[in-house]
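Take a look at the structure below.
Side chains included, hydrogens not; waters and symmetry mates left out as well; all remaining heavy atoms used. Residue numbers start from 1 in every chain, and the chains themselves are labelled A, B, ... in the order their sequence lines are given, proteins ahead of strands.
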Number of protein chains: 2
Amino acid sequence: MTVLDIGEVARRAGVPASTLRYYEEKGLITSSGRRGLRRQYDPGVLERLALIALGRTAGFSLDEIARMFAPDGRPDIDRRMLAAKAEELEARMRELAVLRDSLRHAAACPAPSHMECATFRGLLRAAATGVVPAPPKRTPGPR
Amino acid sequence: MTVLDIGEVARRAGVPASTLRYYEEKGLITSSGRRGLRRQYDPGVLERLALIALGRTAGFSLDEIARMFAPDGRPDIDRRMLAAKAEELEARMRELAVLRDSLRHAAACPAPSHMECATFRGLLRAAATGVVPAPPKRTPGPR
DNA sequence: GTGCTACTTCAAGTCGACTTGAGGTCAAGA
DNA sequence: TCTTGACCTCAAGTCGACTTGAAGTAGCAC
């Protein structure tokens, strides 16, 4: 019993089967075969799905994720790109830290409106003068 | 000259005017008045826009952002919600750290395919057994 | 007063990431 | 054998966050 039925994968990974089919269509995962019409998956797909979920919550698009863990055309470029993505994450984490601090302060601050609080506005200014360039195109969404 | 024309705001904030109109329609920002048909903005809108951009890159939807900085109906609920959002951010940052480490390792690791590397798979497993529940619905899109 | 141009409204379009629906297939249990 | 139910394909729909396009308007320079 070394392969998993699509329903089993869906259950274990916590995603609907339709999403698995969609990911397969996009080339993010592959099924190891079929039993009749039914897709069968190698258990490794679960790790791959965890990775995809992680990338999604980190704000990467499916295409970006696909590129991050592509079948490795030229490893050098690949590695440079991965390092660059790691840097992107680092930057995003710094932004999140600012936002987290802003929210924590806002939650504790007695000012009637947060915008009237000097500390809050200072945090925002710090964020604004930081990198925070043009807002990210589309996003995703994530969702 | 204490008010800004929409074009000026767009230029300074680095977003198209159409986005400003859209944000206004959604109640995320307000114009302080009009000169003829043209919207005029109070300079404080720039901080608010920085905040919105920050929230977007942190993965919040416009509706969530609107709620975070609502006109303050009940401050208590509001503050509890802000604290909860801060916790969410904390969790997201932990996930990002895992992904960053995974990417850094993948960039340095000599294994032909990342999935064949035990360290990498270990990081993934850690991520998978962590919180990383069902993938976030819709997103977002943020991109 | 005539242009120019940057604005205005409103409806419709786009994009990513899925989901839903209609109609069909097939392996396994009663 | 028949039914059931979980799967299949393919097209179309949805949702958030905007963008684009058409048609109109008004402050400012001339």
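- When each of C:dA17, D:dT19, C:dT25 is scored by its nearest atom to the side-chain atoms of B:T19, the top-ranked nucleotide is D:dT19.
- In this model, no side-chain donor or acceptor of A:R38 finds a partner on the base of C:dA27 within 3.5 Å.
- Proximity of A:R56 to the phosphate of C:dC18: a side-chain N or O atom is located under 4.0 Å from OP1 or OP2.
- One finds a salt bridge joining A:R12 and A:E8 here, because a Lys/Arg side-chain nitrogen approaches an Asp/Glu carboxylate oxygen to under 4.0 Å.
- Remark: P of D:dC18 and CG of B:L49 are 11 Å apart, rounded to the nearest angstrom.
- Between the side chains of A:E24 and A:S31, at least one donor N or O sits under 3.5 Å from an acceptor N or O.
- Between B:R35 and C:dT8 there is no side-chain N or O to OP1 or OP2 distance below 4.0 Å.
- An OP1 or OP2 oxygen of C:dC18 is reached within less than 4.0 angstrom by a side-chain nitrogen or oxygen of A:Y23.
- Considering only the side chain of B:R39, C:dT9 comes nearest among D:dT19, C:dT9, D:dC7.
- Considering only side-chain atoms of A:L37, the nucleotide from D:dT20, C:dT9, D:dC8 that sits closest is D:dC8.
- Rounded to a whole Å, the CD1 atom of B:I6 is 15 Å from the C1' atom of D:dT25.
- Rounded to an integer number of Å, the gap from B:E25 CD to D:dA17 C1' is 11 Å.
- Residue contacts for A:S61: at a heavy-atom cut-off of 4.0 Å it reaches the sugar-phosphate backbone alone, with no base atom in range.
- Between the P atom of C:dC15 and the CG atom of A:L62 lies a distance of 16 Å, rounded to the nearest Å.
- When rounded to the nearest whole Å, the span between OH of A:Y22 and P of C:dT20 equals 15 Å.
- Ion pairing between a basic and an acidic side chain is recognised when a charged N comes within 4.0 Å of a carboxylate O; B:E88 and B:K85 show such pairing.
- Of the two residues contacting DNA chain C, namely A:D63 and B:G7, the nearest-nucleotide position lying further toward the 5' end is that of B:G7.
- Of the candidates D:dT19, D:dA17, C:dC18, D:dT19 carries the atom nearest the B:P16 side chain, counting heavy atoms from C-beta on.
- Residues A:R100 and A:E95 are not paired through a salt bridge, judged by the lack of any N-O separation under 4.0 Å between the basic side chain and the carboxylate.
- The side chain of B:D5 lies closest to C:dC7, out of C:dT8, C:dC7, D:dC7.
- Rounded to whole Å, atom C1' of C:dT8 lies 14 Å from atom CG of B:L20.
- Across the protein-nucleic acid pair, B:E24 atom CD and D:dT19 atom C1' stand 17 Å apart, rounded to whole Å.
- When each of D:dT20, C:dT9, C:dA17 is scored by its nearest atom to the side-chain atoms of B:R21, the top-ranked nucleotide is C:dT9.
- Rounded to a whole Å, the NZ atom of B:K26 is 14 Å from the P atom of D:dT19.
- Here B:E90 pairs with A:R104 in a salt bridge; the nearest charged N to carboxylate O distance falls below 4.0 Å.
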